[in-house]
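Worksheet: the structure to be examined is printed underneath.
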Amino acid sequence: MPTKTLQIPTADGQADAFAAFPDDGERHPGVLLYADAFGMRPVLAEMARELAERGYYVLVPNYFYRHGPAPLVELPAYIGAEARPAILAQLMPLIEEHIAGERVARDADAYLRFLTAQPEVAAGPVAVTGYCIGGLLALRTASAHPDRVAAVAGFHCPVVADGPDGLHGLLSKITAQVHLGHAETDLTPEALGELNRALDTAGVHYTSEIYPGTVHGFTMADTDAFNAAGLKRHWERLLDLLDQALANG
């Protein structure tokens with residue numbers, strides 16, 4: 001499965017990235033994948049390759065590129081409870097700065113333009129998926145570019161981070177098919193009901209569910225939050241969404 005490192009030109013510089021895609025000489029639907037808060041690292045490359053094996057061109061940008069190439073902080077091979085607080089203490093100010101202004105929309109435009117210009121990517125709309133804060137970035141990308149995004153997925157992501165008004169504004173512009181996979185510790189059934197009602201009100205075509213027995217970060221195999229059953233369910237839901245929305249294969 002070919003992979004390559006890339007530099008994506010943006011309005012504010014160059015974003016380092018990597019891509020994985022099938023080695024068959026054909027063009028395939030494009031998928032923009034946003035990492036979780038810990039950023040680009042080997043487990044994300046593994047996930048990109050697994051998705052590429054199913055017939056997609058997957059682009060994973062370093063959305064922290066303004067502060068340097070990935071990884072920005074030293075990450076252990078396994079991120080457990082002891083290491084997590086110190087790492088997040090370094091990253092949270094960068095995350096809060098990134099999502100506060102117009103950077104997400106500007107970067108999304110650059111990432112989508114770059115993705116669709118790749119010779120291995122098929123013409124037509126793309127999909128966007130993300131994890132943790134990357135899920136919020138994925139939703140904002142789909143909201144800002146409804147004509148270019150046919151499917152969007154978010155896993156253990158802070159969907160309600162912008163409050164009720166911000167959530168309505170975010171969802172009302174989305175035309176893509178949506179799947180949201182929530183950690184059991186991130187959302188109560190009552191909060192899930194409120195979110196799903198907001199999705200209904202916005203007219204979004206969606207599935208939104210709590211994955212049983214999971215905690216925040218359950219898809220990430222290099223962390224203590226990992227849940228194998230949750231990851232398997234994530235792949236089933238994500239691939240079903242992409243295959244439906246992008247008509248792959």
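It should be emphasised that the depicted structure is a prediction, and the values quoted were computed from it without experimental measurement.
- Listed by first then second residue, pairs satisfying side chain to side chain donor-acceptor pair (under 3.5 Å) with a partner in residues 66-77 read Asp12-Arg66, Arg66-Asp107, His67-Glu97, not counting sequence neighbours.
- The salt bridge (Lys or Arg N to Asp or Glu O under 4.0 Å) analysis of residues 184-200, with sequence neighbours excluded, yields no pairs.
- Pairs passing the ring pair (Phe, Tyr, Trp, His ring centres under 6.0 Å) check and including a residue from residues 81-108, sequence neighbours excluded, read Tyr63-His98.
- A heavy-atom distance below 4.5 Å is not found between the side chains of Gln177 and Val204.
- Annotation: Glu236, atom CD; neighbour count of heavy atoms from other residues, nucleotides and ligands within 6.0 Å is above 12.
- Within the 4.5 Å cutoff, no side-chain heavy atoms of Leu115 are placed close to those of Arg113.
- Under the 4.5 Å side-chain criterion, counting only non-hydrogen atoms from C-beta, Val149 is in contact with Leu112.
- In this structure, the side chains of Leu199 and Ser208 come closer than 4.5 Å at one or more pairs of heavy atoms.
- A 4.5 Å side-chain heavy-atom check between Leu242 and Val31 finds at least one atom pair inside the cut-off.
- Using a distance-only test at 3.5 Å, with no hydrogens or angles considered, a donor-acceptor pair links the side chain of Asp224 to the main chain of Ala81.
- Rounding to the nearest 0.5 Å gives a distance of 8.0 Å between CG of Leu238 and CG of Leu33.
- Side-chain atoms of Asn62 come within 3.5 Å of backbone atoms of Gly68 as a donor-acceptor pair (strictly under, hydrogens ignored).
- Using a 4.5 Å heavy-atom threshold, the side chains of Arg84 and Thr223 count as touching.
- We find the OG-CG distance between Ser143 and Leu170 to be 5.0 Å, quoted to the nearest 0.5 Å.
- Taking CD1 of Ile79 as the start and CG of Asp222 as the end, the distance is 4.5 Å to the nearest 0.5 Å.
- Between the side chain of Asp16 and the backbone N or O of Ala70 there is at least one donor-acceptor pair closer than 3.5 Å.
- Atom CE in Met220 sits 11.0 Å away from atom CD in Glu46 (nearest 0.5 Å).
- Not a single donor-acceptor pair under 3.5 Å links the side chain of Gln14 to the backbone N or O of Thr10.
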task = Just do the side chain to side chain contact (heavy atoms under 4.5 Å, CB included) check on Val43 and Phe38 with the steps written out, would you?
result = CA-CA 11 Å; Val43 72; Phe38 298 123; over 6 Å; no
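- Put simply, the side chain of Val152 does not reach to within 4.5 Å of the side chain of Leu241, judged on heavy atoms.
- Contacts classified as ring pair (Phe, Tyr, Trp, His ring centres under 6.0 Å) and involving residues 213-239 (residues at least two apart or in different chains) are given here: Tyr131-His234, Phe155-His234, His156-His216, His156-Phe218, Tyr211-Phe218.
- Residues passing the side-chain contact (heavy atoms from CB on, under 4.5 Å) test with Ala45 are Phe18, Arg49, sequence neighbours excluded.
- In this structure, the side chains of Asn196 and Tyr206 come closer than 4.5 Å at one or more pairs of heavy atoms.
- Applying the side chain to side chain donor-acceptor pair (under 3.5 Å) test between Arg148 and each of Thr141, Thr116, Asp109 identifies Asp109 as the sole match.
- Considering every non-hydrogen atom in both Ala245 and Ala151, the closest pair reads CB-CB, 3.5 Å.
- One finds no salt bridge joining Glu102 and Arg140 here, because no Lys/Arg side-chain nitrogen approaches an Asp/Glu carboxylate oxygen to under 4.0 Å.
- Every residue meeting the side-chain contact (heavy atoms from CB on, under 4.5 Å) condition with Thr207, not counting sequence neighbours, appears here in chain and number order: His179.
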